[in-house]
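The structure appears right after this line, and notes come after that.
Positions are given from 1 along the sequence. As the structure lists them, so they are numbered: ligands from 1, and atoms in each ligand from 1. All values below were derived from every heavy atom in this structure, side-chain atoms included, with hydrogens, water molecules and symmetry-related copies excluded.
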Amino acid sequence: MQRISIIDSHTEGEPTRVIIAGGPELGGGSIAEQLRVFREKFDHVRSAVVNEPRGCDHLVGAIICKAVNPRAAAGVIFFNNVGFLNGCGHGTIGLAATLLHLGRIGAGSHIIETPVGEVTVSIADDRGITITNVPSYRHAKDVPVAIDWRGGARTVRGDIAWGGNWFFLVNDTGEHGHGLELSLKNIDVLREFSCAVRGALDRERITGADGGIIDHIELFGPPTRGDCQSRNFVLCPGKEYDRSPCGTGTSAKLACLAADGKLAPGAEWGQESIIGSAFFGRYAGLPASAGGSVGGAVVGIRPEITGRACITAESTLILDPRDPFVHGLRG
Ligand code: PYC
């Protein structure tokens, strides 16, 4: 019988389940190395923690692991219903709320190591949590993709950007925009459309800069909130949608806005989610030495994303070998 202690939270509506004890032994090494061990030896634990019957398809899991940097508060690996994530903005905010709940960190700034680099979490007195994310940038602008849509062929155009995961970002207007209403009652259509885009990217072998799979699709439209500039729908790798505005997705959006000269460094961007919650972001330009500009144009930014997380449960998962679904329902 294996017992795994977890803390559940949600960040602007999107859940995070953090393993705080009883998880797999991942050894030392970099977080990327520990991720390799998790993926190769303990994928069944990933599935047991987030998949049915203990979890659900849109639940994101996280495990606290040993950091290499002695100044870091923690290392973390994120995972979901189908595999592992590079980074996770809402999950990092959920992790910070969890560490705060456990008394392992207090107000102030703390380094968290992720498989794709260090991020900083800053906890304000009002419990708003800001992550300073990994450097983010737009890789390609206005990329055409031919999709099968409702029995016909259509070309959609979008930007490819990195914000800790690879995103394909599609606007609503224009001949090659998505043209869909971003509302909860339209969720099935949004999911179907985004899956068609994802399928076309895979088929046409359109990738991120380093051949990275573009496994998040982000659709934009007008906000319903007065304090936001935009609303989004984000399809995650396991075909579920992010209930939050997606931290890495908002970082990718900020990188595109910066590259287009549409948002100045330090200016605030309110990103509303499909459920009406919001992240507030801003960025600092990166120096050219850090890959921040090409030919004078800003291409690399350091995004900051602010949101709130609430703790929803402290519990123990029981993995009983006699349970026919001990390792979860895997597709
Ligand atoms: O907030 O970055 C994020 C995220 C990625 C997948 C789900 N949430």
Note down each nitrogen or oxygen pair, ligand 1 side and protein side, whose separation is under 3.5 Å; give only atom names and the distance to 0.1 Å.
residue, atom, partner, partner atom, Å
ligand 1, 1 (O), G89, N, 3.3
ligand 1, 1 (O), H90, N, 2.7
ligand 1, 1 (O), G247, N, 2.7
ligand 1, 2 (O), G89, N, 2.7
ligand 1, 2 (O), G247, N, 3.4
ligand 1, 2 (O), T248, N, 2.9
ligand 1, 2 (O), T248, OG1, 2.7
ligand 1, 8 (N), H90, ND1, 2.9
ligand 1, 8 (N), D242, OD2, 2.8

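- Applying the side chain to side chain contact (heavy atoms under 4.5 Å, CB included) rule to R54 yields the partners R17, A48, L317, L319, D323, V326; only residues at least two apart in sequence or on another chain are considered.
- Other residues, nucleotides and ligands contribute at most 12 non-hydrogen atoms within 6.0 Å of the CZ atom of R71.
- Screening residues 97-108 for side chain to side chain donor-acceptor pair (under 3.5 Å) gives H101-E314 as the qualifying pairs, with residues at least two apart or on separate chains.
- A donor atom on one side chain and an acceptor atom on the other are not found under 3.5 Å apart for S136 and R302.
- A salt bridge is defined here as a Lys NZ or Arg NE, NH1 or NH2 lying under 4.0 Å from an Asp or Glu carboxylate O, and R198 with D202 meets this definition.
- Listed by chain and residue number, nothing satisfies the side chain to side chain contact (heavy atoms under 4.5 Å, CB included) test with R205 (two or more places apart in sequence, or in another chain).
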